[in-house]
2 protein chains.
Amino acid sequence: MRPAEELRYLILAAQREGNRLLGQALRPLGITPSQAEVIRVLQQHGPLTLNGLGELLVCESGNSPSRLVDRLVTLGLVRRDVAANDRRHIDLSLTEEGSARVRQITEIEERLYESIDAAAEGRELGEILAFLRAFVGGLPAGQAVARRTHR
Amino acid sequence: MRPAEELRYLILAAQREGNRLLGQALRPLGITPSQAEVIRVLQQHGPLTLNGLGELLVCESGNSPSRLVDRLVTLGLVRRDVAANDRRHIDLSLTEEGSARVRQITEIEERLYESIDAAAEGRELGEILAFLRAFVGGLPAGQAVARRTHR
DNA sequence: TGGCAATAGATTACACGACATATATGTCAT
DNA sequence: ATGACATATATGTCGTGTAATCTATTGCCA
């Protein structure tokens with residue numbers, strides 16, 4: 001199997017297993033990995049419109065995350081208000097309850113990053129980051145990562 | 001943003017964008033990336049039982065791919081026969097029509113691998129492969145990759 | 001000002017992806 | 001031989017992912 005093919009499947013495998021681990025860790029909080037990403041982005045960059053949120057999400061990049069936000073509103077974690085000046089826009093922000101989960105989410109993510117660092121033990125992550133940035137640069141999901149890292 | 005966090009999101013971004021590109025390229029064939037993986041695995045390793053197939057798939061690793069196979073049977077690309085000796089098993093194999101698509105799938109995958117190689121230009125893929133193998137080794141999706149590469 | 005294009009979101013449709021549970025078949029101990 | 005257990009697959013449910021289409025609102029210009 002050529003390296004590019006193995007790499008393709010290893011990236012798929014890493015994404016799936018990482019998401020599965022994160023999902024299991026988040027389950028006691030009653031939220032999914034995608035929902036946790038929204039909460040973190042709103043905490044760090046909010047308030048945002050739906051489009052603004054979409055440009056910062058890696059999951060759902062290129063799509064409008066209205067369904068994802070719907071569930072968070074239903075869960076009482078996100079507030080969705082129609083913008084006063086332009087009624088086509090909505091203003092998204094965390095509710096009290098949403099803010100209250102940020103700490104737990106951060107701790108769970110921290111454990112994921114520790115397991116990533118463990119697998120990287122003695123390796124140069126810079127090379128890997130550079131390759132992946134080159135592959136996704138210019139594409140929506142890659143731009144979302146760039147927007148999140150550059151500030 | 002710490003490197004492990006950026007890496008996490010870059011892996012997610014790479015998987016999403018790769019899958020989106022592949023999906024668009026496969027669309028004229030009327031199949032999805034996951035379905036293409038099944039067809040390739042059956043071509044290279046078939047005939048297989050459902051469990052045997054599941055152990056070789058990176059998508060749907062850990063799950064039983066019965067619904068994925070269902071759709072391929074409906075499309076007329078895969079044959080599903082109850083095993084003669086043990087009626088709990090099923091024998092999965094490609095139909096004529098399924099075999100006929102292998103060439104086109106291979107060409108489309110080839111173009112994806114070329115774009116991966118382009119992003120890797122002048123970089124050492126070995127480091128990246130080693131890191132990802134370490135991260136997913138032991139987990140179902142990682143074992144599926146290992147089973148596919150070791151032969 | 002009246003209407004048309006542009007913009008922001010919402011909705012629909014289909015296929016996963018993950019987890020839990022159910023059903024059918026075979027195996028084995030007694 | 002029978003009943004408990006194990007195995008292989010199927011099904012149900014919920015939440016994404018992706019693309020396409022619909023609706024509401026605003027801006028613009030003839």
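Residue numbers begin at 1 in each chain, while the letters A, B, ... track the order of the sequences.
- Among the nucleotides D:dT9, C:dA10, D:dG15, the one closest to any side-chain atom of B:Thr49 is D:dT9.
- With a 6.0 Å cutoff to the six-membered ring centre and a 45° limit on the axis angle, A:Arg148 counts as a cation-pi contact of B:Tyr9.
- The 5' end of DNA chain C is approached more closely, in terms of each residue's nearest nucleotide, by A:Asp91 than by the other of A:Arg27 and A:Asp91.
- The side chain of A:Thr32 contributes an N or O atom lying less than 4.0 Å from OP1 or OP2 of D:dT16.
- Where B:Asn19 and B:Arg80 meet DNA chain D, the nucleotide closest to each residue was compared, and B:Arg80 sits on the side nearer the 5' end.
- In this structure, A:Asp86 atom CG and D:dC28 atom P are separated by 12 Å, rounded to whole Å.
- The 5' end of DNA chain D is approached more closely, in terms of each residue's nearest nucleotide, by B:Leu12 than by the other of A:Ala84 and B:Leu12.
- If you check every strand for non-hydrogen atoms under 4.0 Å, A:Arg71 touches a base.
- One donor-acceptor pair, N or O on each side, does fall under 3.5 Å between the base of D:dG17 and the side chain of A:Arg67.
- In terms of phosphate contacts, A:Arg20 brings a side-chain nitrogen or oxygen within less than 4.0 Å of OP1 or OP2 of C:dC19.
- The distance between atom CD of B:Glu60 and atom P of D:dG17, rounded to the nearest whole Å, is 14 Å.
- Side-chain proximity of B:His89 to the nucleotides D:dA10, D:dA19, D:dA8 is greatest for D:dA8.
- Dashed line: the shortest gap from a side-chain N or O of A:Asn51 to OP1 or OP2 of C:dT7 is not under 4.0 Å.
- Cluster membership check: A:Leu139 does not share its hydrophobic cluster with A:Leu12, using side-chain heavy-atom separations under 4.5 Å among Ile, Leu, Val, Met, Phe, Trp and Tyr.
- Distance CG (B:Leu57) to P (C:dA18): 12 Å, rounded to an integer number of Å.
- A chain of hydrophobic side-chain contacts below 4.5 Å, direct or via other Ile, Leu, Val, Met, Phe, Trp or Tyr residues, connects B:Val78 to B:Leu48.
- Each of B:Gln15 and A:Ser64 was assigned the nucleotide of DNA chain C with the nearest heavy atom; the assignment lying further toward the 5' end belongs to A:Ser64.
- At whole-Å resolution of the value, CG in B:Leu48 and C1' in D:dT9 are 15 Å apart.
- Here the side chain of B:Asn63 is nearest to one of C:dT27, C:dG9, C:dG17, namely C:dG17.
- One interatomic measurement links the two molecules: CD of A:Gln35 to P of D:dC14, which rounds to 14 Å at whole-angstrom precision.
- Rounded to whole angstrom, the span from the CG atom of A:Leu50 across to the P atom of D:dA24 amounts to 18 Å.
- When heavy atoms are screened at a 4.0 angstrom cut-off, B:Gln24 is found touching the sugar-phosphate backbone but no base atom.
- Closest contact between the side chain of B:Ile90 and the listed nucleotides D:dT26, D:dT9, C:dG9 involves D:dT9.
- Atom CG in B:Leu72 sits about 13 Å away from atom P in D:dA10, given to the nearest Å.
- If you check every strand for non-hydrogen atoms under 4.0 Å, B:Ser34 touches sugar and phosphate atoms only.
- Counting heavy atoms from C-beta on, the side chains of B:Glu60 and B:Glu37 never come closer than 4.5 Å.
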Determine, step by step, whether A:Arg40 and A:Gln43 satisfy the side-chain hydrogen bond (donor to acceptor under 3.5 Å, both in side chains) criterion, reporting the C-alpha distance in whole Å, the side-chain angles of both residues, the deciding distance to 0.1 Å, and the verdict.
CA-CA 5 Å; A:Arg40 291 282 277 148; A:Gln43 177 232 344; 3.0 Å; yes
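- With hydrogens and angles ignored, a donor-acceptor pair under 3.5 angstrom links the side chain of B:Arg88 to the base of D:dT7.
- Per the geometry, CG belonging to B:Asp70 stands 13 Å off C1' belonging to C:dC16, to the nearest Å.
- Among B:Val38, B:Leu94, B:Ile31, the single residue meeting the side-chain contact (heavy atoms from CB on, under 4.5 Å) criterion with B:Leu77 is B:Ile31.
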